[in-house]
Amino acid sequence: MIAWLHKQPLRIRRPLPTSLHPKWDEFNSILSQIEGLEWYVDRGYFEWFLRPRESGLVTRCDDHSFKRFVDRVLVNPPRNFSEFEELLP
């Protein structure tokens, strides 16, 4: 059992909350074009990583500031991590 656990990824995937943002798929598509950027929604929070040195936790996904963050990404799609970082709340 312990050997099996060591082989598993560190993140436990939980179902996404049902009411993230009406344009969530478009938001995901934009972020997927940024080289090296990984992101997850875990326990209601949006988490992002640019390994090995950068990571962060954005506000709760049901908060108005998260909706504004998604809206900013949709209006001004970032092309790289620096532009993504400027849009963070």
Side-chain angles (χ1 to χ4, degrees):
M1 180 68 172
I2 302 235
W4 178 83
L5 287 172
H6 283 287
K7 293 178 185 176
Q8 300 307 307
L10 296 175
R11 312 285 293 143
I12 297 172
R13 302 284 186 234
R14 293 176 180 84
L16 291 176
T18 55
S19 60
L20 282 172
H21 190 281
K23 295 188 177 181
W24 181 253
D25 292 337
E26 185 179 344
F27 174 77
N28 277 324
S29 176
I30 291 168
L31 294 188
S32 68
Q33 297 175 25
I34 300 174
E35 187 176 336
L37 181 65
E38 301 174 36
W39 66 96
Y40 307 96
V41 173
D42 189 22
R43 298 181 187 180
Y45 287 88
F46 178 82
E47 302 175 46
W48 56 268
F49 305 91
L50 184 69
R51 300 192 191 277
R53 63 188 196 289
E54 301 282 343
S55 67
L57 183 69
V58 178
T59 183
R60 287 194 53 85
C61 295
D62 58 1
D63 191 84
H64 291 294
S65 64
F66 179 72
K67 182 186 179 310
R68 289 190 304 267
F69 164 63
V70 173
D71 290 338
R72 284 193 303 273
V73 169
L74 295 171
V75 170
N76 299 309
R79 293 167 295 185
N80 54 49
F81 179 74
S82 295
E83 292 178 5
F84 167 77
E85 202 170 27
E86 291 174 8
L87 298 174
L88 290 169

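Residue indices begin at 1 and follow the sequence shown.
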Participant: Ring-plane angle category for Phe27 and Phe66, please: parallel below 30°, perpendicular beyond 60°, tilted otherwise.
Facilitator: perpendicular

Participant: Of all residues at least two apart in sequence or in a different chain, which pass the salt bridge (Lys or Arg N to Asp or Glu O under 4.0 Å) check with Arg60?
Facilitator: Asp62

Participant: Could you walk me through whether Leu50 and Glu85 pass the side-chain contact (heavy atoms from CB on, under 4.5 Å) check?
Facilitator: CA-CA 11 Å; Leu50 184 69; Glu85 202 170 27; over 6 Å; no

Participant: Quick one: pull up CG in Leu74 and OG in Ser29 and give me the separation to the nearest 0.5 Å.
Facilitator: 10.0 Å

Participant: Got a sec, which residues hit salt bridge (Lys or Arg N to Asp or Glu O under 4.0 Å) with Glu26, two or more places apart in sequence or on another chain?
Facilitator: none

Participant: Supply the atom-to-atom distance Phe46 CZ to Asp63 CG, rounded to the nearest 0.5 angstrom.
Facilitator: 14.0 Å

Participant: In chain order, what residues pass the side-chain hydrogen bond (donor to acceptor under 3.5 Å, both in side chains) check against Arg79, with sequence neighbours excluded?
Facilitator: Glu83

Participant: Describe, in one word, how the ring planes of Phe69 and Phe84 are oriented to each other, choosing from parallel (under 30°), tilted (30 to 60°) and perpendicular (over 60°).
Facilitator: perpendicular

Participant: With a 4.5 Å cut-off on side-chain heavy atoms, are Pro78 and Glu86 touching?
Facilitator: no

Participant: Quick one: does Asp71's side chain get under 4.5 Å of His21's, heavy atoms only?
Facilitator: yes

Participant: Anything under 30° is parallel, anything over 60° is perpendicular, the rest tilted; go ahead and classify Trp48 against Phe81.
Facilitator: tilted

